Amino acid sequence: MTDRLRLNAFSMNCVSHIHHGQWARPDTRQTDYHDLDTWVDLARLLERGKFDALFLADVIGTHHPYRGSRDVTVHEGMQIPVNDPSLLIPAMAYATENLGFAFTHSVLQEHPFTFARRVATLDHLTDGRVAWNIVTSYLENAARNLGYGTLPAHADRYRRAEEYLQVVYELLEGSWEDDAVLRDVAGGVYADPAKIHDIDHQGEFYPGVIGPHLCEPSPQRTPVLFQAGASDTGREFAARHAEAIFIAGRSPAGAGAHVRDVRERAARHGREPGDILFFQPLSFIVGGTEAEVARKVREVDEYASPAGYASHMGGAMGIDLGEIPLDTPLGELGDYNVQAMVKGLIESAPDQRWTFGDLVRFSADTRVSGTPEQIADELALWVDQGVNGINVMYYTTPGSFEDFIEGVVPVLQDRGLVQREYAPGTLREKLTDGGGPRPDDRHPASGVRRERLAGASAAG
Amino acid sequence: MSRPLHFSAFVMNTASHITHGLWRDPRGEQIDFNDLQLWVSLAKTLEAGGFDAIFFADVVGLYGDYDGGWAHHARLGLQIPSNDPLVILSALASHTEHLGLAFTAGPIQEPPFNFARRVATLDHASQGRIAWNIVTSALENGWRNFGHDGLLAHDDRYRWADEYVDVLYKLWEGSWEDDALLADRGSGVYADPTKIHKIHHVSERYRVEGPFLVSPSPQRTPLLFQAGSSKVGRDFAARNAEAQFIVAPDPENARTLIEDTRRLVEEHGRHRDDLKFFQGLSFVVGSTEAEVRAKEADLEEKIDIDGMISHFGGSLGVDLGQYEPDTPIDTIHTEGGQSGLAWLRESTGGRTPTLGDLVRLRARGTRVAGTPEQIADRLALWRDAGVDGINVVNAFIPSSYEEFIDHVLPVLRERGLARGEYDPGTLRHKLFGGGDRLPDRHPAARYRGAFAPSATAVAR
């Protein structure tokens, strides 16, 4: 039987997340991002559409300069201003019962003791519907905002991430035993101190974290762990820790290669192929007829801002693409001393008559447009390559999600490709279709739990 | 004189906050603190009843030892387990319109850049109802959770706090000009980069580049609470705080404390009324004196005296579990919280306080028991001593607040001791009537416009 596709809505607590320029349309609520109602309404919509989760991206700095400054990013509202994602979750959780909430948090952002408590609190408040997207921050400005002076080297960030996770596992999994909380009203005993343990962590980046963890065990203990690293180090890290991976395939075949590579790496770390779910981001333009699709495509293209896409792409690569005029035809780009990364992109463009602006826009836009049936056919190709879920990106919000839910979801349900009803339990149980609320036994979080608590129980 | 008092509900995201042992009672719904429902429904109750704010206390570690360890705290649920207070607030904000949302946090918990963004996110989400209670963390274990060998000396903690708020003020007040946000759909310009500035902060502990990632929120800087009563703590409050949480043993002590602090406020160039004083009090309400006595007796029986002592000693960092009741305790030197000792010395009228005094005073504490009319008489004395507001300590959540709202507040309103309808606007405007932002004489105001290139030029 074909595995079902899981659906996440991909968004960010800012004005312009992926599809730049669309915020200026009259039919989107992007400029109301700081209003809680925007998010609560979105969460309710997604739950009606049986989406698995809302996935919130984040950055904690401005992007690399474009045309020598951050002016374009500010003009575009391109991930600046950007508010904290995790704080939206309780308001949305209270208005829903089943929807999961994945939020992005960088290991540079705050001390793991503070973070572990915050994420455990969220897991309690949501009855176990929280996921953490682990990132290591790639923005120089983020590092300078957080006191690092400059961005630590890639390998150093991942070494820090390893230790950060270790501390978080020790706190979430290794400090409180399952039966530590008694709530014994008659005896007046809330918790059993013999079953709550210091973690006494000593390490390179976190030289002293004594513990104990301050929260009692939450439904999932460790939140569902997402990761998105594409580098070799990033993939190794994901293969060991991630339960869900956000990939960025340019095609179903490309996604399939990524999936197989990480599954092989995971196997080397003693995990099973099914232990990791792969999510591909895609944008959809849905119409009842091909004419309607064409009209909606024109609307999107009319508002699309090539400068916004170029500042985002270069900002993420750490290079200033502003020196290349957006209307330069790709065939004439030989005049520019572009970096290898961009050169590869240019060569891969199917139509060399595109302008550079077209290229950056289409590169950032893995778009699937069509009638619901056509879209379902396309999604089946991704499933065949081992993709387990889609991160649905929006052009307008909530409009893009409404179109998908009203048009595409029923067709996908009829084909057995997505769920009709939520499975019971925590987000981890819902996503894994039969797994438990806690990380599986092969996961390193469970290893920390066994190591820390088995000895404790034996001694106790 | 008919100056009405303000009222906030003093709570904590834990089972046993101040009055220990009471979660065992069926009325003690605080045992459900992991459940968001408890807090949303309490916030709604408080708003329907006209409370100004809900005030979340917090700690980031265990209290100091009692009887040689912390087993006692776990058994009692004495602020362990305890969850993060900040992440609850978005849910409370989305279910209320007027209620102020105050939470506690200190500099050791997270870098100022990250903290500033979280707070501003909440200030947007709540339309300007956030208050921050600035603490310096007095618990040894808290420090050892964040990589320190132990507690930093008291005065050094305040120096750190000074540095921390300085960074925050720059981010909240100085980075974005008021008219930086355009959201001009026609031209597609979301914000004006010439009005958003890096702060380039460099000090002993922090290097923070900026710009701030959040656009100006209704209050920019949240309403600032503080609770220190040591000399250094009061000086910090006199410079920075807009509301001070005090626990004076009686109105006369409160009068002296308030007058002294108001003088300090003026010495720092602020107006004496720029700082409001909230006295912590608990209430036992009955319709007859006989009922009041019966309810008090019931409470006395249920309150855990050991819990009251260990909480007090634990906040000082002194193990009181091994002393006889007549042990004089005013000679104790501690680097922990100084407020408790000062309070105890004042409470015994200058006589050498003993552990026995502590037990007696701590159990009865600052409790006001009586009929609604008697309570109104007592509150009039507090108000006349200069107190601006009451932080209402609970025995039971939510019934302590329900009783106060149903029986006491109507009498207070008749006497002009409580206001009727909410005033419109942000929390700051509701409390001070002078607008949403900090007044120009507050130290944060010096950063307004300070980072604009023209301002830099003028400064040079």
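The sequence lines fix the lettering, A, B, ..., with proteins before strands; numbering per chain opens at 1. Everything quoted here is computed from the prediction, not taken from an experiment.
Remark: B:L86 CG to A:S86 OG distance equals 7.5 Å, nearest 0.5 Å. Considering CZ of A:F113 and CZ of B:R144, their distance stands at 12.0 Å, rounded to 0.5 Å. Between atom CD of residue A:E216 and atom CD1 of residue B:I80 there is a gap of 9.5 Å, rounded to the nearest 0.5 Å. Interatomic distance, CG of A:D198 versus CG of B:N141, reported as 7.0 Å (0.5 Å rounding).
Inter-residue side-chain proximity for B:Y190 and A:T31 is flagged as met; some heavy-atom pair is nearer than 4.5 Å. Side chains of A:Y148 and B:P111 form no contact here, defined as non-hydrogen atoms less than 4.5 Å apart. Side chains of B:W70 and A:P212 form a contact here, defined as non-hydrogen atoms less than 4.5 Å apart. Under the 4.5 Å side-chain criterion, counting only non-hydrogen atoms from C-beta, A:R117 is in contact with B:D58. Two residues are said to be in side-chain contact when any heavy atoms from C-beta on lie closer than 4.5 Å; A:L87 and B:V87 meet this criterion. In this structure, B:S90 and A:W39 have side chains that are not in contact, with every pair of non-hydrogen atoms separated by 4.5 Å or more.
Ring-plane geometry between B:F33 and A:Y190 is classed as tilted, the angle between the planes lying from 30 to 60 degrees on a 0 to 90 degree scale.
Side-chain N or O atoms of A:T114 include one that pairs as donor or acceptor with a backbone N or O of B:Q109 at under 3.5 Å. Distance alone, capped at 3.5 Å, places no donor-acceptor pair between the A:N83 side chain and the B:R117 backbone.
Top candidate by heavy-atom pairs under 4.5 Å with chain A, chosen from B:D35, B:I88, B:V40, is B:V40.
Annotation: ring pair (Phe, Tyr, Trp, His ring centres under 6.0 Å) contacts of A:H213 (sequence neighbours excluded): none. By the ring pair (Phe, Tyr, Trp, His ring centres under 6.0 Å) test, A:H124 is found to be paired with no residue, residues two or more places apart in sequence or in another chain being considered.
Residue A:D127 does not touch chain B at all, counting heavy-atom pairs closer than 4.5 Å. Of the atoms belonging to B:D184, it is backbone heavy atoms, and not side-chain ones, that fall under 4.5 Å from chain A. No part of B:Y206 comes within reach of chain A, as not one of its non-hydrogen atoms sits under 4.5 angstrom from that chain. With a 4.5 angstrom heavy-atom cutoff, B:D192 touches chain A only via backbone atoms. Heavy atoms closer than 4.5 Å to chain B are found in the backbone of A:L88, but not in its side chain.
Smallest separation of non-hydrogen atoms from B:N145 and A:I210: OD1-CG2, 3.3 Å. Closest of all the heavy-atom pairs between A:L214 and B:G61 is CD1-N, 3.6 Å.
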